[in-house]
Amino acid sequence: MSDPVRVRFAPSPTGYLHVGGARTALFNWLYVKRHGGTLVLRIEDTDAARNTPEALAAILDGLRWLGISWDEGPEVGGNYGPYFQSQRNDIYDRYLQKLQDTGHVYEDGGSIRFRSPKVPVTVHDQVCGDITIDRSHEPDMTLRRPDGSYIFHFVNVVDDIEMAITHVIRGEDHLMNTPKHIELFQALGAPIPVYAHIPLFQNADGTKMSKRDQGASVVSYQDNAFLPAAVVNYLCLLGWSPKDDREKLTVEEVVALFDWDHINRSPSKFDYNKCLWLNSQYLAELDEAEFLRLATNWSNEHVPALAAQANEALTAALLLCKPKLKQLPELAEHLTMIFDDEAPLEETGRTKVAAQPNGQGNLAILTSHLKAVTDWTADHIQAAIQAAAGEAKVKPGAMMFPLRLLLTGAGHGVDLLPALVLVGQDAVLRRIDQRLRLIFPD
RNA sequence: GACCUCUUCGUCCAGCGGUUAGGACACGGCACUUUCACUGCUGUAACACGGGUUCGAUUCCCGUAGAGGUCGCCA
């Protein structure tokens, strides 16, 4: 029997949950699920000045939203707590004493430094391979500040020892820290965990992703009502591959395949567009009830004006929108086109229709046919359009674009016939009349 | 500047000592749809450069260039 697998994700609650951090958490989680083990969530909040409860809440909330659950840590407890570094000072004191007793540290202007062995250190990294780093000419690292507070490297290693961590999966930005950490493990006589450093994300233009960049913050996906499964799927595809042609995979499928040799070594640029595409794929396969639940929630929250709409009308409209959506927020635009008589008229469409030969006359013919419909159903409306086209001597298809524009103000959108039915004859004729005057002012 | 890592279509990801170098996003075309989309089919598009090793290198080695990371009493 080998030791039980214990991996940890150790965020610092200083800002927000970065999508790169989320991916690191995800890979830790995937590893645990793949090999069986325990995921420890440890909060590295030693820098009191920069930590906020809001940031912590955002991190926990973001992880939960993505479905990344932890077995030990904040809110769930565990046998290796406390899981906040700010509460572990006595442990750090004890470990520092060990180093003092064995002569590994020395005092320097009130701070405590580690006496580095000054020999090259080889990191056996599961992703990057063996990397030997010689930092013998660099200054000794500080472990404790004059005010008694501890430095990241020290607490990080002490906690990994104390929490019996066996695998460290973290961003490549930590690769050059690893020799320092290995020196500490050795000085403390503790086994060195298995390391895996995973490549970082970049913006599409190759620059570093920071908070304000599109897609950088997990909250932005929550705010835009992405489906977590889609985001997780996309995150898995960045830097990892099933090694076949699959793009859309469930987490279960990823778990079954997750391993080091599937992880890429080069940094990847974040393609928000592809993430959006995956979201549309997941959205499309939602069943009606689930879609309506999500869509109704979203529209109630973001388009409160629709509260006045009858439930059946709203439901019908939402279902009409479903096949068009890449993401839920597009609902706002579609619903406005359906329900708002005064939705703005698209300029490019206006110009196009205004320029059509005989446009005004043809649309007058169409209007009169629509007016004459006595039973306002899709079949009868279609017949009316056909008849109007015949009389105007144009193809029925040529009637569709102008009609769409007159109905919704836009040249694209939901399926036209059902939309006409939904809006109702009176409102349709009213809108046609209004917008016709905008298009042909004379 | 020093050290570490990386380099296949615009992007993500496969691949391999001999392939018409494959898939996906994006983009274009066609079909379907009397509309908008979806979908299907299809097209454009890549092995950073220079040396080796080899019968043969995109694939292995070395160098160059470019990119990223790290060089804190931040985490």
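Chain identifiers are assigned alphabetically (A, B, ...) following the order of the sequence lines, protein sequences preceding nucleic acid strands; residue numbering begins at 1 within each chain. These numbers were taken from a predicted model, which means no experiment stands behind them.
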Separation of [N] [atom2] from [X] [atom1] (nearest whole Å):
X: Lys395(A); N: U33(B); atom1: NZ; atom2: P; result: 13 Å
X: Lys248(A); N: C38(B); atom1: NZ; atom2: P; result: 17 Å
X: Ile263(A); N: C6(B); atom1: CD1; atom2: P; result: 14 Å
X: Lys269(A); N: C9(B); atom1: NZ; atom2: C1'; result: 13 Å
X: Leu319(A); N: C38(B); atom1: CG; atom2: C1'; result: 16 Å
X: Ile338(A); N: C36(B); atom1: CD1; atom2: P; result: 17 Å
X: Leu278(A); N: C13(B); atom1: CG; atom2: C1'; result: 13 Å
X: Arg135(A); N: C3(B); atom1: CZ; atom2: C1'; result: 11 Å

How far, in whole Å, is [M] from [N] if one measures between their [atom1] atoms?
N: G51(B); M: U70(B); atom1: C1'; answer: 31 Å
N: G23(B); M: U7(B); atom1: P; answer: 22 Å
N: U53(B); M: C62(B); atom1: C1'; answer: 11 Å
N: U5(B); M: A37(B); atom1: P; answer: 49 Å
N: G43(B); M: U20(B); atom1: C1'; answer: 16 Å
N: C25(B); M: A14(B); atom1: C1'; answer: 15 Å
N: U44(B); M: A21(B); atom1: P; answer: 13 Å
N: G66(B); M: C60(B); atom1: P; answer: 23 Å

Q: Compare every heavy atom of Leu429(A) with every heavy atom of Leu370(A), then report the nearest pair and how far apart it is.
A: CB-CD2, 4.2 Å
Taking any strand in view, what nucleotide pairs with [N] in a Watson-Crick or G-U wobble way, both distances under 3.5 Å?
N: C38(B); answer: none
N: U33(B); answer: none
N: C55(B); answer: G18(B)
N: A67(B); answer: U5(B)
N: C12(B); answer: G23(B)
N: A46(B); answer: none

Q: May I ask you to verify whether the side chain of Arg404(A) and the base of U35(B) hold a donor-acceptor pair under 3.5 Å?
A: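 Indeed there is one.
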Between the protein and nucleotides 43-46 of chain B, list the N/O to N/O atom pairs that are separated by less than 3.5 angstrom.
none

Q. A14(B) phosphate, OP1 or OP2: any side-chain N/O from Asn264(A) under 4.0 angstrom?
A.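 Answer yes for this pair, as a side-chain N or O of Asn264(A) is under 4.0 Å from OP1 or OP2.
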Q. Under 4.0 Å: is that the gap between some side-chain N or O of Ser280(A) and OP1 or OP2 of C38(B)?
A.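 No, because none of the side-chain N or O atoms of Ser280(A) sits under 4.0 Å from OP1 or OP2 of C38(B).
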Under a 3.5 Å cutoff, is there a donor and acceptor pairing between the side chains of [X] and [Y]?
X: His18(A); Y: Ser210(A); answer: no
X: Thr122(A); Y: Thr132(A); answer: yes
X: Glu72(A); Y: Tyr83(A); answer: yes
X: Glu44(A); Y: Asn156(A); answer: yes

Under 6.0 Å from the six-membered ring centre of [Y] and within 45° of its axis: does the NZ or CZ of [X] meet both?
X: Arg23(A); Y: Phe27(A); answer: yes
X: Lys274(A); Y: Tyr234(A); answer: no
X: Lys248(A); Y: Tyr282(A); answer: yes

Q.
Judged by each residue's nearest nucleotide on RNA chain B, which is more toward the 5′ side, Leu237(A) or Ala398(A)?
A. Leu237(A)
Q) Does a salt bridge link Glu253(A) with Arg246(A), judged by any charged N lying under 4.0 Å from a carboxylate O? A) yes
Q. Are Asp140(A) and Arg115(A) close enough for a salt bridge, meaning some N to O gap below 4.0 Å?
A.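 A salt bridge is absent here (no side-chain N lies under 4.0 Å from a carboxylate O).
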Q) Considering only side-chain heavy atoms of His412(A), which listed nucleotide, C13(B), C36(B), A24(B), is closest? A) C36(B)
Q: List the steps and the verdict of ring-ring contact (aromatic ring centres under 6.0 Å, His included) for His167(A) and Tyr31(A).
A: CA-CA 9 Å; His167(A) 296 69; Tyr31(A) 189 83; 4.9 Å; yes
Pairs under 3.5 angstrom, nitrogen or oxygen only, protein versus nucleotides 25-31 of chain B, please.
from   : atom 1 : to        : atom 2 : distance (Å)
A26(B) : OP1    : Lys326(A) : NZ     : 3.1

Q | Test applied, ring-ring contact (aromatic ring centres under 6.0 Å, His included); reference residue, Phe226(A); option that passes from Tyr221(A), Trp277(A), Trp298(A) | A |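 In the set Tyr221(A), Trp277(A), Trp298(A), the residue that makes a ring-ring contact (aromatic ring centres under 6.0 Å, His included) with Phe226(A) is Tyr221(A).
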Q.
Once you apply a heavy-atom cut-off of 4.0 Å, does Lys243(A) come out as touching a base, just sugar-phosphate, or nothing?
A.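 Sugar-phosphate: the residue Lys243(A), judged by heavy atoms under 4.0 Å, touches backbone atoms but no base.
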Q | Sequence-aligned protein contact record of nucleotides 61-75 of chain B, with B where the base is within under 4.0 Å of a protein heavy atom and S where only the sugar-phosphate is | A | -------SBSS-BBB
Q: Might you work through the salt bridge (charged side-chain N to carboxylate O under 4.0 Å, His left out) test for Asp47(A) and Arg50(A), ending with a clear yes or no?
A: CA-CA 6 Å; Asp47(A) 190 348; Arg50(A) 289 171 56 200; 3.5 Å; yes
Q | Residue that, paired with Glu162(A), satisfies salt bridge (Lys or Arg N to Asp or Glu O under 4.0 Å) out of Arg42(A), Arg6(A), Arg94(A), Arg8(A) | A | Arg94(A)
